[in-house]
J.: 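Below is one structure. I have some questions about it.
When reading the values below, keep in mind they use all heavy atoms of this one structure, side chains included, and skip hydrogens, waters and symmetry mates. Just so it is clear, the model here is predicted, and its values are computed rather than measured.
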Amino acid sequence: MEQLSIFIVMLAALLVPLVMARFEVSTLPTAVAEILIGIVIGKSGFNLIVMNHDLTFLSNLGVILLIFLSGMEINFDLFRKQPGEKRDSDSPVTISTIAFAGILVMSLLVGVVLKLMGLFNGILLALIIFSSVALGVVIATLKEKEILSRPVGQTLLLTAVFGEVVPMLSLTVYATLHGGNAGRLWLIVLLFLAAIILLRRFKQPYKWFNDITKSTTQLDVRLAFFLIFTLVTIAVTVGAENILGAFLAGMVMKLLNPSESTEDKLTSIGYGFFIPIFFITTGAKLNLRELFANPRALALIPALVVGFFIAKTVPALVFSRHYGRRNGLAGAFLCATTITLVLPTLEVARNLKAITSTQSDAFVLAALIACVCGPIGFNKLYQPSPEDLIKKRVVFIGANVMTVPIAQQLTNSLYQVRMVTNQQENFETYNSEVADLKYFENLNAQCLEKSGYFDCDIMVVSFLNEQENFALALEAKKQGVQRVIAMRKRNGSDYAQLDQLVAAGVELFHPYTALSSMLRSLIESPTVMKMMTDNQHTIFEVVLKNRRYTGIELQSLPMINKITVSRIYRHGKWITPHGTTVLEAGDHLIITSDYHNIAELQATLGKDN
């Protein structure tokens, strides 16, 4: 039986996603399904699994990789104040901070109530468990709704980050104090110091690694595992929990700015092999027969389920103030999902004899119920606001014969277009032709910032005065605009100034050069020119972000029979596509098709998932 245990677990790991896909089960997190199948084949079910040394080792490695990947999920840019950003009461950072503070207070209150009821005495342990949030589940749910980059998505994401980081640090302190190592608590500082040293040591070499890596070396993956085992070893040595070392390793790896392909490889290794073993064996070790035979422990389950949701009541009130009552309640439901950190926390508590196995099983079962109900409640309640449906926000600075037709031709389903001008005559001429055109007599950076025009994805600066173009373009980059396109008006520009613009990331456009290139194309390649200027069939660029379609062949793309992929831009190089070309995350696909097809394809491939 011991020899068959790993085979049975791997078979279960293979069948779970297949069965979920076959019966179109999308509301149940895969982790929960894997724990449930573990319950069926483990102690509580057919008892087909024996926890031998090899299976235990793979399970322990699975939880380490799970926490490592959770550390990699943190987007540190969310905590940085962007140029021009005002941290007021409506900012995602402020809202999420208040919301999580409320979670801590309510979690402590739940722990006190459970002790007064005689159900569970570990108040501090209850505080850690009830305040945790499953970051991975939250991110997956927000990506599915396509609101991860919107204010409500950023707020929920930050709340989940707090719900992973703070309980993680609290668990380390709790384990150190209750493990009789209070005098070694200061040594945990050495773990953080080691993480900082590793980050500084590999910051520059990591860029070099990307240049010399190849399929037979996979240096990025080797570095990730080096970070994991180094920090886990240091964590255990100084008396901290190994999961804290794994979490710090994930944060260090994230700060090294890995490519999407690197993240995909690490995710594939974790969720493709090790992490399912951890979840399945967790379910297999649950002894529900003993739990259900104990009336006192059985009474604990509904109290714990209610506790998981009561702990998240304050976020419902906080979110409702900013995003509406319905969406606020939906956000609270999503924050109630908690499984990632609960399992290793319970394992630590069992090792410290701070919790009985029966109580631990009750917590796991309650966490499973909350993890099922949370995403379902969010999906049922959440209603996207109009701004959540916006694809790209484009601002044109300057209304003239070049910018107005472009603004009119941009597809409404893909872009939200706004335009400003300081020319009264042009405003009167084009006001009826552009849906959102504003006139400002003194059009400068202060005016644009005050009116919110820097809050966009793309800005096109097209004044008659080149110096004004360049000054506003640089200011737009400082304000955090992702793409800034500035018009050059003459050939005798200051090259030092042009170098400054390019270094800042400003894209330059010279009308004369563009017209010359178009005329040359008309002479040399009239068919290509006709294709580029066709209003129905034209060339579009789609960036592949949906990981569901990475790693597949080009010929397997949806709607491939309605589009033509002419080139693929990958890692700074152009490649010629074939039907068997394997797609990677971040590929820029140059596609020719009817714009109706492109809109659908953009929504499918360009969606973060």
J.: Closest approach of F308 and A370, non-hydrogen atoms and distance?
T.: CB-CB, 4.1 Å
J.: Could you go through the side chain to side chain contact (heavy atoms under 4.5 Å, CB included) check for L244 and L231 one step at a time?
T.: CA-CA 8 Å; L244 178 61; L231 291 175; over 6 Å; no
J.: Could you pull out the closest heavy-atom pair between V318 and H322, with the gap in Å?
T.: O-CD2, 3.2 Å
J.: Is it true that E164 and S70 share a donor-acceptor pair across their side chains at a distance under 3.5 Å?
T.: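 A donor-acceptor contact under 3.5 Å links the two side chains.
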J.: Do F120 and Q359 have side-chain heavy atoms sitting under 4.5 Å apart?
T.: yes
J.: What verdict does the side chain to side chain contact (heavy atoms under 4.5 Å, CB included) test give for L223 and L219, after you've listed the backbone C-alpha separation in whole Å, the side-chain angles of each residue and the deciding distance to 0.1 Å?
T.: CA-CA 6 Å; L223 174 62; L219 283 173; over 6 Å; no
J.: Quick one: do E290 and K43 make a salt bridge, cutoff under 4.0 Å?
T.: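 Answer for the salt bridge query: no.
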J.: Can you check whether L343 reaches V63 side chain to side chain, under 4.5 Å on heavy atoms?
T.: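 No, side chains not in contact.
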J.: Let me confirm one number: the CG-CG distance from L286 to L291, rounded to the nearest 0.5 Å.
T.: 8.5 Å
J.: Could you walk me through whether Y271 and T30 satisfy the side-chain hydrogen bond (donor to acceptor under 3.5 Å, both in side chains) test, starting with their C-alpha distance in whole Å, then the side-chain angles of each, then the deciding distance to 0.1 Å, before giving a yes or no?
T.: CA-CA 10 Å; Y271 286 97; T30 305; over 6 Å; no
J.: Among L298, L304, I35, I301, which one satisfies side chain to side chain contact (heavy atoms under 4.5 Å, CB included) with L365?
T.: I301
J.: Do E263 and M253 come close enough that some side-chain heavy atom pair is under 4.5 Å?
T.: no
J.: Judged by atom type as modelled, is there a donor-acceptor pair below 3.5 Å linking the side chain of D587 to the main-chain atoms of E584?
T.: yes
J.: Give the C-alpha distance, both sets of side-chain angles, the deciding distance and a yes or no for side chain to side chain contact (heavy atoms under 4.5 Å, CB included) between L346 and I129.
T.: CA-CA 8 Å; L346 293 172; I129 294 175; 3.7 Å; yes
J.: Scan side-chain atoms only and decide if T94 and S91 contain a donor-acceptor pair under the 3.5 Å cut-off.
T.: yes
J.: If you measure from CG on L334 to CG on L329, what distance do you get to the nearest 0.5 Å?
T.: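 Here the interatomic distance stands at 11.5 Å.
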J.: Hey, what do you get for CG (L300) to CG (N294), rounding to the nearest 0.5 Å?
T.: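 L300 atom CG to N294 atom CG measures 9.5 Å (nearest 0.5 Å).
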J.: So does F130 get a backbone contact from the side chain of K312, meaning a donor-acceptor N/O pair under 3.5 Å?
T.: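 Yes.
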J.: Is there a side-chain contact between C371 and T338 in this structure, where contact means two heavy atoms from C-beta onward sitting under 4.5 Å apart?
T.: no
J.: Does a sphere of radius 6.0 Å around CE in M20 hold more than 12 heavy atoms from other residues, nucleotides or ligands, not counting ones at 6.0 Å or beyond?
T.: yes
J.: Could you measure the distance from the CD1 atom of I277 to the CG atom of N60? Nearest 0.5 Å is fine.
T.: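 The CG atom of N60 is 11.0 Å from CD1 of I277, to the nearest 0.5 Å.
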J.: Please report the closest heavy-atom contact between T313 and I310, naming both atoms and the distance.
T.: OG1-O, 2.8 Å
J.: Pick out which of T340, T337, V161 makes a side chain to side chain contact (heavy atoms under 4.5 Å, CB included) with V138.
T.: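 Between V138 and the candidates, side chain to side chain contact (heavy atoms under 4.5 Å, CB included) is satisfied uniquely by T337.
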J.: Can you label the angle between the F57 ring and the H53 ring as parallel, tilted or perpendicular, going by 30° and 60°?
T.: parallel
J.: Can you tell which of Y382, F378, F309 makes a ring pair (Phe, Tyr, Trp, His ring centres under 6.0 Å) with F333?
T.: F309
J.: Let me confirm one number: the CG-CZ distance from L61 to F68, rounded to the nearest 0.5 Å.
T.: 11.5 Å
J.: Evaluate I67 against M168 for side chain to side chain contact (heavy atoms under 4.5 Å, CB included), listing each step before the verdict.
T.: CA-CA 10 Å; I67 300 301; M168 178 75 68; 3.5 Å; yes
J.: Kindly give the heavy-atom pair with the smallest separation between S44 and L288, and that separation in Å.
T.: OG-N, 2.7 Å
J.: Taking all atoms of both residues into account, what is the closest heavy-atom pair of F319 and A332, and its distance?
T.: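 In this case the closest contact between F319 and A332 is CD1-N, 4.2 Å.
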J.: Inspect the surroundings of CZ in R326 and state if more than 12 heavy atoms from other residues, nucleotides or ligands are less than 6.0 Å away.
T.: yes
J.: With a 3.5 Å cut-off and no angle check, do the side chains of S360 and R350 form a donor-acceptor pair?
T.: yes
J.: Are V19 and V25 side-chain neighbours, meaning at least one heavy-atom pair lies under 4.5 Å?
T.: no
J.: Go through the side-chain N and O atoms of S556 and Y549 and say whether any donor and acceptor fall under 3.5 Å apart.
T.: no
J.: From L119 CG over to L114 CG, what is the distance, rounded to the nearest 0.5 angstrom?
T.: 6.0 Å
J.: For S5 and N52, which heavy atoms make the closest approach, and how far apart are they?
T.: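 For S5 versus N52, the nearest heavy atoms are CB-ND2, 4.2 Å.
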J.: Can you confirm whether the side chains of S96 and T159 place a donor and an acceptor under 3.5 Å from each other?
T.: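 No pair is found: no donor N or O on one side chain lies under 3.5 Å from an acceptor on the other.
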